[in-house]
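Following: one structure in structure tokens, then a few remarks.
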Amino acid sequence: MSDQLSGPLAGVTVVDLTIALAGPYATQLLGALGATVIKIENPAGGDPSRNNAPYYGAAGLSLRRGSDEDMSISMLERGRNKLGVTLNLKHPQARDVFADLVRHADVVCENYSAGTADRLGIGYEFTSSVNEQIVYTSISSFGAGTPGKGMDTIFQALSGLMQMSGTSGDPPVRSGVPFGDLTGPLFAVIGTVAALLQRERTGRGQHVDVSLLGALTALAATEPWGTMERAGIEMRTGSTVPRLAPFGIFATSDGHVAVCAPTDAFARGVFAALGRPELGEDERFTTRDARVAHAPALHREIADWAEPLPTEQAVAALERQGVPVAVVRGPEEAVRDPVVRARGETTLLAHPELGPIPESLGSGLPIRFSAATAGYDRPAPRLGEHNDFVYRQILGYGAERLAELRAGGAI
């Protein structure tokens, strides 16, 4: 971090009880925004993400862990900007240690199955009794107090998302990006920051409750699918969006292009690029509503024009007319976009001992601040790497207390 500027959440301490993807993504974002995140893991193996292939070590990438030095790419992505400590939350001494952490914290974040934190004795009721100013953020499948287990594909299935892509009659289409696990954490961060701001006025914390299914369904509902179907607009339209015609993905001789030209001016630009300016006078295409009514014919005109052309030539022709157009890229090319890289929106992953991992790009923080620094500047920790720092320097435990906790299996 810069000596001159700190992160927007500098001074905020987060006790991170999360595992897998949804919870760790939320706390990763809080860490990127400058919060001190203390990740608690079970000393017997830690976060299950530590066992996700592939791994990276001195021998490079591997689908099997070859040595203790090897670390999961998943953990190297999700563990950044976090201090790593071990604590067996089922141990009789664990709740006292957890309480000490809570006394030094502003936020607790957990993503256990509903009810698990309470059974462990570390739920909101106990935590707020220790520190009434604590913001306690729960990320669960269906909401705190609602039983049930879920993962990304479950949420995609239940939210309706799988029936929004593809064409009519296709089987359900799962999104390759795990939106079911990634949407909820964004709302969890919003809720956490909002609760911290409210605490400044009231002096009290609160329970922030985010459902992964609810978050994804709320996002899906931003398009009123049922209303559009009742109006006669097909919901699953594949690579085009007829209600915004011309709008869609079109094949070229060596790839695909995305064209988004719903306005009259953009549509005329498309016709000019096609070398068919007269289409702008065709009554089927003169207005937005007319183009929507005749979308299949309009999209066939564009498809027939694009198919024999190299992608680069099709893009250039449309760009010359001011039409919004882009090459359809694969993820490996996309994450290397020079503008994205320069803005820190993707960044090289790093191993805590071996340093940056060649060609392995992970997510960055896609927010730029004019008066703060933000982003990832520390690699994921080893299991329990910061036990001494956190327990001795932050909590003030002495050597004897630490030895006792270690000997008893609490940490």
Side-chain angles (χ1 to χ4, degrees), residues 156-177 179 183 215-329 334:
Q156 289 198 34
L158 291 174
S159 69
L161 189 68
M162 290 183 174
Q163 297 284 10
M164 295 175 188
S165 298
T167 57
S168 181
D170 283 351
V173 178
R174 177 187 174 276
S175 170
V177 176
F179 289 119
T183 304
L216 188 58
T217 306
L219 199 69
T222 56
E223 287 281 81
W225 300 102
T227 301
M228 289 191 292
E229 276 202 303
R230 288 191 293 274
I233 298 175
E234 174 62 46
M235 185 163 66
R236 304 183 76 191
T237 58
S239 59
T240 60
V241 183
R243 66 188 177 87
L244 296 174
F247 206 104
I249 309 299
F250 301 93
T252 63
S253 64
D254 58 357
H256 293 80
V257 294
V259 178
C260 301
T263 69
D264 291 346
F266 287 152
R268 287 193 294 272
V270 170
F271 302 145
L274 270 57
R276 302 280 306 282
E278 70 276 8
L279 290 176
E281 306 304 319
D282 188 316
E283 64 181 11
R284 297 173 301 166
F285 308 139
T286 52
T287 68
R288 185 167 181 151
D289 286 349
R291 290 191 295 275
V292 169
H294 298 90
L298 175 53
H299 287 145
R300 277 196 301 273
E301 293 279 358
I302 301 171
D304 291 345
W305 168 78
E307 187 176 18
L309 297 178
T311 300
E312 186 176 344
Q313 185 177 336
V315 168
L318 289 160
E319 284 183 337
R320 280 196 296 271
Q321 302 301 326
V323 176
V325 60
V327 176
V328 177
R329 301 188 295 201

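Quick note: residue numbers are just sequence positions, from 1. Every value quoted in this text rests on a predicted model; they were computed, and no experiment measured them.
Between S159 and A220 the shortest heavy-atom distance is O-CB, 4.2 Å. Smallest separation of non-hydrogen atoms from V177 and S175: O-OG, 3.1 Å. Looking at every heavy atom in both residues, F247 comes nearest to A261 through CD1-N, 4.3 Å. Taking all atoms of both residues into account, the shortest heavy-atom contact from R329 to A334 is NE-CA, 3.9 Å.
Contact of the V173 side chain with the Q163 side chain is not registered, since no non-hydrogen atoms from C-beta on lie closer than 4.5 Å. The side-chain heavy atoms of I249 and V328, taken from C-beta on, include a pair separated by under 4.5 Å. A 4.5 Å side-chain heavy-atom check between L216 and F179 finds at least one atom pair inside the cut-off. Between E234 and T167 there is no side-chain heavy-atom pair separated by less than 4.5 Å. In this structure the side chain of V270 never reaches within 4.5 angstrom of the side chain of W305, judged on heavy atoms. Within the 4.5 Å cutoff, the side chain of S253 has no heavy atoms near those of the E307 side chain. M228 has its side chain out of reach of M235: every pair of non-hydrogen atoms, C-beta onward, lies at least 4.5 Å apart.
Taking OG1 of T217 as the start and CD of Q156 as the end, the distance is 11.0 Å to the nearest 0.5 Å. F285 contributes atom CZ, which lies 15.0 Å from atom CZ of R268 (distance to the nearest 0.5 angstrom). How far CZ of R243 is from CG of D289: 13.0 Å, rounded to the nearest 0.5 Å. For the atom pair CD1 (I302) and CZ (R276), the distance works out to 11.5 Å, reported to the nearest 0.5 Å. Separation of atoms CG (D264) and CZ (R288) is listed at 8.5 Å; rounding is to 0.5 Å. In this structure, CE on M164 lies 6.0 Å from CG on L161, to the nearest 0.5 angstrom.
Taking H256 as the reference, nothing meets the ring-ring contact (aromatic ring centres under 6.0 Å, His included) condition, with sequence neighbours excluded.
Side-chain atoms of R236 come within 3.5 Å of backbone N or O of S165 as a donor-acceptor pair. With R291 contributing its side chain and P246 its backbone, the two residues share no donor-acceptor pair below 3.5 Å.
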Worksheet item: What do the steps show when you test F271 against L298 for side-chain contact (heavy atoms from CB on, under 4.5 Å), and what is the final call?
Response: CA-CA 10 Å; F271 302 145; L298 175 53; 3.5 Å; yes
Please tabulate, one pair per line, all N/O donor-acceptor pairs under 3.5 Å involving side-chain atoms of residues 308-324, not counting sequence neighbours.
{"from": "T311", "atom 1": "OG1", "to": "T252", "atom 2": "OG1", "distance (Å)": "2.6"}
{"from": "T311", "atom 1": "OG1", "to": "D254", "atom 2": "OD1", "distance (Å)": "2.6"}

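Ring pair F250/H299 is tilted by interplanar angle, where 30° to 60° counts as tilted.
Heavy atoms from other residues, nucleotides or ligands lying under 6.0 Å from CD of E278 number more than 12.
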